[in-house]
Amino acid sequence: QVQLVESGGGSVQAGGSLRLSCAASGSIFSINAMGWFRQGPGKEREWVAGITSDGSTNYADSVKGRFTISSNNAKNTVYLQMNSLKPEDTGVYYCKAFGRGEYWGQGTQVTVSS
């Protein structure tokens, strides 16, 4: 059993930055990878970025060069640094843990205004 709590969402103007956090608790040693997903208004949920336990990262083409996923293992926390934000980045951002099972956080709202 893994619990995930996202934080750091908010409202920002286009071109601004936000940093999201995802704190994991429970059976954290079973986690092999973490990912960020988002769902904009009227859109399907899409994958944004991922990081494995060894630190390897990858990104969706839409955010590559603007977003950075990282982790602090001592804090059992994964971050998503979002720079040069665009209105199309608006949506609810969800953290997901991959391991023996798959677990989702409740989500945090990100709103980017033009």
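Just so you know, residue 1 is the first one in the sequence shown, and it goes up from there.
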Taking 4.0 angstrom as the limit, do K64 and D61 come out as a salt bridge? yes
Out of curiosity, [X] [atom1] to [Y] [atom2], how far, rounded to the nearest 0.5 Å?
X: L4; Y: K96; atom1: CG; atom2: NZ; result: 11.0 Å
X: Y94; Y: C22; atom1: OH; atom2: SG; result: 13.0 Å
X: F37; Y: W47; atom1: CZ; atom2: CH2; result: 8.0 Å
X: S62; Y: R66; atom1: OG; atom2: CZ; result: 7.0 Å
X: I51; Y: S70; atom1: CD1; atom2: OG; result: 6.5 Å
X: R100; Y: Q1; atom1: CZ; atom2: CD; result: 12.5 Å

Which heavy atom of [X] sits nearest a heavy atom of [Y], and at what distance?
X: L80; Y: A49; value: CD1-CB, 4.1 Å
X: A97; Y: V2; value: CB-CG1, 4.3 Å
X: K43; Y: E88; value: NZ-O, 4.1 Å
X: A14; Y: S114; value: CB-CA, 4.3 Å
X: I31; Y: S53; value: O-CB, 4.5 Å
X: S84; Y: S17; value: N-OG, 4.3 Å

Heavy atoms of other groups near Q39 CD, more than 12 under 6.0 Å: yes
Can you tell me if Q13 has over 12 outside heavy atoms packed within less than 6.0 Å of its CD? no
As a quick check of understanding, evaluate side chain to side chain contact (heavy atoms under 4.5 Å, CB included) for T52 and M34, giving each step before the final call. CA-CA 6 Å; T52 60; M34 300 286 290; over 6 Å; no
Please confirm whether the backbone N or O of [Y] pairs with a side-chain atom of [X], one donor and one acceptor, at under 3.5 Å?
X: R38; Y: V92; answer: no
X: E6; Y: C95; answer: yes
X: T111; Y: S11; answer: no
X: Q81; Y: T68; answer: no
X: Y103; Y: A24; answer: no

Between Q109 and T90, does a side chain to side chain contact (heavy atoms under 4.5 Å, CB included) hold up when you go through it step by step? CA-CA 8 Å; Q109 177 70 43; T90 293; 4.1 Å; yes
Carefully, step by step, assess Y93 and M82 under the rule side chain to side chain contact (heavy atoms under 4.5 Å, CB included). CA-CA 11 Å; Y93 283 69; M82 305 185 294; 3.8 Å; yes
Does the side chain of V48 reach to within under 4.5 Å of the side chain of Y59, using non-hydrogen atoms?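 Of all side-chain heavy-atom pairs linking Y59 with V48, none is under 4.5 Å.
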Checking side chain to side chain contact (heavy atoms under 4.5 Å, CB included) between L18 and each of V110, V112, N83, which is the one that passes? V110
Stepwise side chain to side chain contact (heavy atoms under 4.5 Å, CB included) test for S21 and V78: CA-CA 6 Å; S21 298; V78 173; over 6 Å; no
For T77 and N72, which I'm curious about, is there any donor-acceptor pair between the side chains at under 3.5 Å?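 T77 vs N72: no donor-acceptor pair found between side chains.
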Residues R19 and Y79: side-chain donor-acceptor under 3.5 angstrom: no
Can F67 be reached from L20 by stepping across I, L, V, M, F, W or Y side chains whose heavy atoms are under 4.5 Å apart?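 Yes, one cluster joins them.
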